[in-house]
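Inspection log for the structure reproduced underneath, given as structure tokens.
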Amino acid sequence: MKRIYIIENNEQVASFLVKTLKESGYQPFLANDYDKILAEFTAYEPHLVLIAVGTPAFDGLFWSREIRALGKCPILLMPDSSYKMSQVIALENGADGYLSKPLNAIPLQAVIERTLKRVYASDKGSELKLRPMEIDYQGVKQSLTRKEYFLMKAFIERPSQLLTRQYLLQLLTNNIGELDDNTLSVNMTRLRRKLSQIGLENAIQTVRGKGYKFNPK
């Protein structure tokens with residue numbers, strides 16, 4: 001049973017999270033002492049951390065950076081609807097992604113499941129792991145740029161599926177800013193080179209005139 005550590009000071013939201021996670025088959029643990037966050041995290045050894053942005057004493061981004069410094073446990077931020085969060089801000093602060101409030105059970109469950117599957121893929125026989133700005137294959141790590149990370153994330157979440165150039169270009173535009181077709185080509189070349197360096201030669205296949213498929217094996 002996967003353990004999930006929750007840093008959330010709003011009692012109503014915290015209660016919703018604990019109830020939803022238990023019903024989903026997870027083992028939630030709510031932070032008890034904001035002066036001992038790192039000690040609780042270390043003792044509990046969670047598989048994933050949920051952090052509200054705007055906790056007492058420190059902002060959730062602070063705790064995200066502090067927890068990331070301790071290891072590779074996936075982190076999802078939970079900003080208020082008024083907070084201008086983006087995937088880039090989340091990544092820059094050590095998180096894997098974010099879920100804006102108000103939270104809904106179905107999207108929450110889906111994002112948690114997808115994140116756990118991506119990070120702990122080795123539990124199901126794969127040796128490929130994607131973490132914020134880094135990919136790990138058979139224990140060999142390779143750093144990624146923002147663009148490379150978003151591309152790799154899309155491929156891992158949709159293995160063996162055709163991802164068109166238009167789709168990938170829009171993905172980068174949504175997360176990074178407006179880009180052109182040449183920028184996509186350059187980043188695909190760099191990503192392929194980095195995958196080759198960690199033993200994943202030809203993992204990304206070109207479907208001429210359409211796009212790309214990711215087949216790691």
Side-chain angles (χ1 to χ4, degrees), residues 2 24-26 47-48 50 72-77 85-91 95-100 104-217:
K2 292 290 192 295
S24 302
Y26 300 112
H47 296 90
L48 182 140
L50 294 173
K72 301 298 184 180
C73 176
I75 299 168
L76 294 175
L77 302 177
M85 177 61 69
S86 71
Q87 187 70 10
V88 171
I89 292 175
L91 286 171
D96 294 69
Y98 70 97
L99 286 158
S100 293
N104 181 280
I106 294 177
L108 173 69
Q109 293 164 340
V111 172
I112 289 176
E113 181 179 355
R114 189 164 60 243
T115 302
L116 288 171
K117 182 179 180 180
R118 185 176 71 246
V119 175
Y120 298 105
S122 58
D123 292 344
K124 297 183 178 181
S126 172
E127 295 178 298
L128 179 64
K129 302 176 184 178
L130 180 66
R131 301 188 174 100
M133 314 306 284
E134 179 185 88
I135 191 166
D136 180 328
Y137 181 62
Q138 295 182 332
V140 181
K141 299 178 176 60
Q142 177 65 262
S143 63
L144 300 174
T145 65
R146 292 177 187 171
K147 298 182 185 71
E148 293 163 355
Y149 171 83
F150 286 120
L151 289 171
M152 198 67 242
K153 183 172 180 288
F155 284 124
I156 287 181
E157 290 178 350
R158 300 165 184 81
S160 302
Q161 294 183 31
L162 172 65
L163 301 185
T164 66
R165 289 184 63 86
Q166 291 82 359
Y167 171 82
L168 294 173
L169 187 58
Q170 188 61 52
L171 175 73
L172 292 181
T173 298
N174 291 343
N175 287 286
I176 303 294
E178 188 171 353
L179 303 170
D180 57 27
D181 193 68
N182 183 61
T183 301
L184 174 61
S185 297
V186 170
N187 280 275
M188 286 299 304
T189 298
R190 291 174 177 170
L191 179 58
R192 281 172 154 160
R193 184 183 304 121
K194 288 187 176 182
L195 291 177
S196 177
Q197 290 172 352
I198 61 173
L200 287 171
E201 296 88 352
N202 304 315
I204 297 177
Q205 302 168 1
T206 299
V207 180
R208 188 173 296 278
K210 295 182 179 180
Y212 307 91
K213 285 186 179 182
F214 178 63
N215 293 297
K217 293 185 178 180

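Contact annotation: the side chain of Leu184 never approaches that of Leu179 to less than 4.5 Å [non-hydrogen atoms, C-beta and beyond]. Residues Ser160 and Lys213 have side chains not in contact (no heavy-atom distance under 4.5 Å, counting atoms from C-beta outward). Side-chain contact between Lys72 and Glu134: present, with at least one pair of heavy atoms (C-beta onward) separated by less than 4.5 Å. Counting only heavy atoms from C-beta outward, the side chains of Thr164 and Lys210 never approach each other to under 4.5 Å.
Residues Gln87 and Asn175 approach most closely at CB-OD1, 3.3 Å, considering heavy atoms. In this structure, Tyr98 and Ala90 approach most closely via the heavy-atom pair CD2-CB, 4.5 Å. Closest heavy-atom contact between Leu99 and Pro107: CD2-O, 4.2 Å. Taking every heavy atom of both residues into account, Gly139 and Asp136 meet most closely at N-OD1, 3.0 Å. Across all their heavy atoms, Gly199 and Tyr137 have their closest contact at O-CE2, 3.8 Å. Nearest heavy-atom pair across Phe150 and Ile176 is CE1-CD1, 3.5 Å.
Paired with Arg192 under the rule side chain to side chain donor-acceptor pair (under 3.5 Å), one option of Thr206, Asn202, Asn187 passes, and it is Thr206.
Annotation: Glu113, atom CD; neighbour count of heavy atoms from other residues, nucleotides and ligands within 6.0 Å does not exceed 12. More than 12 non-hydrogen atoms from other residues, nucleotides or ligands lie less than 6.0 angstrom from NZ of Lys194.
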(message) Run the side chain to side chain contact (heavy atoms under 4.5 Å, CB included) test on Leu128 and Leu200 for me, step by step, so that the C-alpha distance in whole Å, both residues' side-chain angles and the decisive distance to 0.1 Å come before the verdict.
(response) CA-CA 10 Å; Leu128 179 64; Leu200 287 171; 3.8 Å; yes

(request) Start with the C-alpha distance between Thr145 and Leu191, add both sets of side-chain angles, then the distance that settles side chain to side chain contact (heavy atoms under 4.5 Å, CB included), and finish with yes or no. (result) CA-CA 9 Å; Thr145 65; Leu191 179 58; over 6 Å; no

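Defined by atom type and a distance below 3.5 Å, a donor-acceptor pair is present between the side-chain atoms of Tyr167 and Arg158. Counted by atom type alone, Thr183 and Asp180 present one or more donor-acceptor pairs between their side chains at under 3.5 Å.
Of the possible polar contacts, one joining the Asp96 side chain to the Ile75 backbone as a donor-acceptor pair under 3.5 Å is found. Here the side chain of Arg190 pairs no donor or acceptor atom with the backbone of Glu148 at under 3.5 angstrom. The main-chain N or O of Val111 is found under 3.5 Å from a side-chain atom of Thr115 such that the two form a donor-acceptor pair. Not a single donor-acceptor pair under 3.5 Å links the side chain of Glu157 to the backbone N or O of Met152.
Between the CG atom of Leu151 and the CD1 atom of Ile156 there is a distance of 11.5 Å, given to the nearest 0.5 Å.
Tyr212 and Phe155 have perpendicular rings, their planes meeting at more than 60° on a 0 to 90° scale where under 30° would count as parallel.
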